[in-house]
Every structure is written in structure tokens, then in C-alpha cells.
Amino acid sequence: VVTLTALVSAYAQLDRVDQAKELFDAMPLRNVVSWNAMLQGYAIEGRAGEARKLFDSMPCRNVVSWTAIVSAYGHAGLVEEAQRAFDLTPERDMACWNAMVATLAEHASVEMTRAIFDAAPEKNVVAWTALIKASATRCCAREAFRTFKLMDLEGIYPDDVALASVLDAAAGAASLAEGRAIHSAVLQSGGGCDSNFVLSTALLNMYSKCGQLETARRIFEDMDWRSDVTWNAMILAYAENGRGEEAIHLFRLMQLEGLDPDEASFVAVLSACSHCGLVHGGQDHLLSLVQDYPSVVNLQHYACVVHMLARAGETARLAG
RNA sequence: ACGCGGAUUACUGG
């Protein structure tokens, strides 16, 4: 049971929910952990209907099951359902409270998020991070910074996740002074920025949005492993800072590294062409996009090209 | 063996 449950959980975490379900159905015996692992698979993908069905058919439940169903509703954007499940949860622990805070952080107002946060009997760095995110994603950077400082005053040490979230606020507001202060906190927080590529990408992005292209580039160079998001952020950094040729160059390098450009990569490179008036480059990349990567095409790509051609006065080509 | 928070997107703005 333990081994098979671990496998179900692994599939669930790798977004192979349907494989997880196959295995789950084939298990001769299941305990509450097995059920929870399966439930979690649906929760991650926000498949609330299936999660609910499974939850209802569970022979027994514990607080982990309840947290998973709250989270499933949360990821699906069903705030009232999440709230109802949360209210029904017996013996709520911190993770359960955090799941509810996170749900409101993503789908409700900062005020509502703060209300549930304040009501929680205990707060750890996860709850604080969710509250920071509520402000950061709604362009309330000042409030995100305030929350971050409050957390520090409470004696809670920011981890990489918290730091990346508050960096996001600094990037959104293009607050270089705050961004640098957080960067110092990153350096103080131990591992430094080499240890975590997500955090490094957040730093890179913050400097780029603050117009500090060279600093962003230095962070990019210093990283020993770069995810696709890292590459996209760097390409976009060149695009947004008016260096279209270099954006295109980096886009090529990314492919030479064996990475497949995704939707965001093309948005970045096409917006570089648009901003810098590189009409031919834009057309070439659009062609490559629809021919070689048709599955990632979206409207944003066409918007880039339409603006680019319109600005170049090539109204005749807009039809194509 | 199971549950909670994190980075890039043409959207805006300056």
C-alpha cells in the first residue's frame, strides 16, 4: 500500500492525474493516505468536480483530505465552495488555514485575504507569503512591502518563496530602491541567489523591469542552471529595454541550448521586433511560430505583429 | 507514502 501510494502521489505531482487514477483504481488496498494522494492530483489541476466526487466517496477523511478539497476549489476559483469546505473542516490546522488564505489571495480582495489571515490562530511564512502575493498581484506594491516588513518584525524569516513574491511586487512597481533592499535580504538569507533558480529569475526580472539591464544580465550569467522561464525573462528584458537584436540573438541561443521556445518566448521575441521596428525579423519569427510550434500560438503573438506592421505603415500586409 | 505560499506573457502605464 505504501509503495503504490507513493507512486500515485508521484503521478499526481507530475500532473499525470489520469495515470494516477488508473493506478489508484487498480490498488487492492487503500488507506486514507492513498485517497488523499489521489485527491491532491485533482486539487493541483483545479479539477473540482472530480475532486468533489472522490472526496464524497472516501471511506474516511482527515484534515489533509479537507485541506486538499479546499485547495481544489481554490485552484478552480470556486471561492464560496472553498469557504464552505473550510468551515466544515474539523480540527483545522495551519496548512488548512493557509489553503484558505491562498484561495482568497488569488481570487478575492486584499481586504478579504487579510481578514482570514488575521483570524488564523497562528501564521507561518506560508501564510505571510500568500498575503504578500495578494498585494503583489494587484499592484499594491507598497502594501506588499509593508507586509514583508511586518513579517520580519514578527520574527518570521523570509524563505526563497517569500523573497520571490515580494520581488514580484518590486518588479511590478518598478521600485528599484525596494528591489535592491530585497536583494540584500536575499544575500543575507543564506544560500545566496545561486542556490535557487526561481529566486534568481525573480531578481533578474526585477532588475529588468527597473531598467537595470546590465545587472539583470549579470544575474543571468551567474546562474548555473536556467529554466525556460529564466530564458524568457532575459529575452523579454532585452525586448523591454530596447535591444531587439540581442533579444533575437538570445532567442536563438535558447534553441541552441536545446530548449523549446514556448508561448512566452514568442511573445518576448515578437514584442522585441515590434518595439524595435524589426519588421522582417518579426515576420520570420511569426512564420516559424505557426509552422514549427503551432501548439503555442495565441492572440498575443498576432497582436505584437499587427502593432508592428501598423507602426511600420504596412497596412497592406495586415490582411496576411 | 498524503495537504498550504514563489519566477517569464501585448495589459497597462510613465
Side-chain angles (χ1 to χ4, degrees), chain A residues 1-10 12-13 30-41 43-44 61-72 74-75 86 89 92-103 105-106 117 120 123-134 136-137 139 158-168 171-174 196-206 208-209 211 226-237 239-240 262-271 274-275 296 298-308:
Chain A
V1 177
V2 171
T3 309
L4 289 176
T5 299
L7 271 173
V8 169
S9 174
Q13 318 249 348
R30 309 173 186 112
N31 61 19
V32 66
V33 178
S34 329
W35 284 89
N36 288 343
M38 190 58 238
L39 190 58
Q40 229 271 310
I44 290 174
R61 307 177 182 105
N62 60 17
V63 66
V64 175
S65 328
W66 284 95
T67 304
I69 195 74
V70 168
S71 175
H75 286 135
F86 177 74
T89 303
R92 289 176 286 227
D93 63 7
M94 214 191 291
C96 190
W97 279 93
N98 291 345
M100 196 59 227
V101 174
T103 294
E106 190 167 2
F117 175 88
K123 295 105 176 157
N124 63 6
V125 67
V126 174
W128 281 96
T129 303
L131 185 58
I132 289 168
K133 180 191 162 188
T137 58
C139 305
D159 62 7
D160 290 352
V161 180
L163 290 163
S165 302
V166 72
L167 275 171
D168 204 25
N196 184 326
F197 66 91
V198 173
L199 187 52
S200 296
T201 305
L203 268 173
L204 183 171
N205 181 52
M206 181 278 292
S208 160
K209 293 293 194 288
R226 306 172 184 94
S227 72
D228 50 351
V229 174
T230 311
W231 282 92
N232 293 345
M234 195 65 232
I235 295 167
L236 193 69
E240 287 174 337
D262 64 11
E263 170 192 339
S265 321
F266 276 102
V267 170
V269 75
L270 289 172
S271 99
S274 172
H275 277 136
V296 304
N298 71 26
L299 265 183
Q300 301 177 341
H301 302 130
Y302 287 99
C304 291
V305 176
V306 167
H307 281 174
M308 176 182 78

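Chain letters run A, B, ... following the sequence lines, proteins first and then strands; every chain starts at 1.
Base contact: A:A162 has a heavy atom under 4.0 Å from a base atom. Backbone-only contact: A:S165 has heavy atoms under 4.0 Å from sugar-phosphate atoms and none from a base. Looking at heavy-atom distances under 4.0 Å, A:V70 makes no contact with the nucleic acid at all. Backbone-only contact: A:A99 has heavy atoms under 4.0 Å from sugar-phosphate atoms and none from a base. At a threshold of 4.0 angstrom between heavy atoms, the contacts of A:D93 include nucleobase atoms, whether or not backbone atoms are also involved. Residue A:D262 is out of contact with every strand shown, counting any heavy-atom pair closer than 4.0 Å. Using a 4.0 Å heavy-atom criterion, one finds that A:Q13 contacts the sugar-phosphate atoms exclusively. Base engagement by A:S227 is indicated by at least one non-hydrogen atom pair under 4.0 Å involving a base atom. At the heavy-atom level, A:V125 lies under 4.0 Å from base atoms of the strands shown. At the heavy-atom level, A:D159 lies under 4.0 Å from base atoms of the strands shown. At the heavy-atom level, A:A102 lies under 4.0 Å from the strands shown only through sugar-phosphate atoms. Backbone-only engagement by A:A130 is indicated by non-hydrogen atom pairs under 4.0 Å involving sugar-phosphate atoms exclusively.
For the pair A:N205 and B:U8, the criterion of a side-chain N or O lying under 4.0 Å from OP1 or OP2 is met. An OP1 or OP2 oxygen of B:G5 is reached within less than 4.0 angstrom by no side-chain nitrogen or oxygen of A:K133. For B:G3, the OP1/OP2 oxygens have no side-chain nitrogen or oxygen of A:H75 closer than 4.0 Å. Dashed line: the shortest gap from a side-chain N or O of A:K209 to OP1 or OP2 of B:G13 is not under 4.0 Å. For B:A1, the OP1/OP2 oxygens have no side-chain nitrogen or oxygen of A:Q40 closer than 4.0 Å.
Distance from the side chain of A:V126 is smallest for B:G5 among the nucleotides B:G5, B:G3, B:U9. Residue A:A6 places its side chain closer to B:A1 than to any other of B:G6, B:A10, B:A1. Ranking B:A7, B:G5, B:G3 by closeness to the A:F197 side chain, first place goes to B:A7. Here the side chain of A:S9 is nearest to one of B:C11, B:G3, B:C2, namely B:C2. The side chain of A:A233 lies closest to B:U8 when the candidates are B:U8, B:G5, B:G3. The side chain of A:V198 sits closest to B:G6 out of B:U9, B:G6, B:C4. Candidate nucleotides B:C4, B:A7, B:U8 were compared by shortest atom distance to the side chain of A:A264, and B:U8 ranks first. Comparing B:A7, B:G5, B:A10 against the side chain of A:C304 picks out B:A10 as the nearest. For A:A68, the side-chain atoms get nearest to B:G3 when compared with the rest of B:A7, B:G3, B:A10. Between B:A10, B:A7, B:A1, one nucleotide has an atom nearer to the side chain of A:S274 than all others, and that is B:A10.
In this structure, A:F86 atom CZ and B:C4 atom C1' are separated by 11 Å, rounded to whole Å. For the pair A:N62 CG and B:G3 C1', the interatomic distance rounds to 8 Å; values are reported in whole Å. In this structure, A:N298 atom CG and B:U8 atom P are separated by 16 Å, rounded to whole Å. Distance A:L7 CG to B:C2 C1': 14 Å, rounded to the nearest Å. We find that CD of A:E240 is positioned 13 Å from C1' of B:G14, with the value rounded to whole Å. Here the P atom of nucleotide B:A7 and the CD atom of A:E263 are 16 Å apart, to the nearest Å. Protein atom CG of A:N124 is 15 Å distant from nucleotide atom P of B:G3, rounded to whole Å. Between the C1' atom of B:U12 and the CD atom of A:Q300 lies a distance of 13 Å, rounded to the nearest Å.
Looking at A:N205, its side chain never comes within 3.5 Å of a backbone N or O of A:S208 through a donor-acceptor pair. Not one N or O on the side chain of A:S9 forms a donor-acceptor pair closer than 3.5 Å with the backbone of A:T5. Looking at A:S71, its side chain never comes within 3.5 Å of a backbone N or O of A:T67 through a donor-acceptor pair. For A:H301 (side chain) and A:N298 (main-chain N/O), a donor-acceptor pair under 3.5 Å exists by modelled atom type.
For B:A1, its base sits under 3.5 Å from the side chain of A:N31 at one donor and acceptor pair at least.
Minimum heavy-atom separation, A:A43 to A:A68: CB-O, 3.5 Å. Nearest heavy atoms, A:F266 versus A:V296: CD1-CG2, 4.3 Å.
There is no side-chain donor-acceptor pair under 3.5 Å between A:S271 and A:S274.
Cation-pi check for A:R92 over A:F86 is met; the charged atom lies under 6.0 angstrom from the ring centroid and within 45 degrees of its normal.
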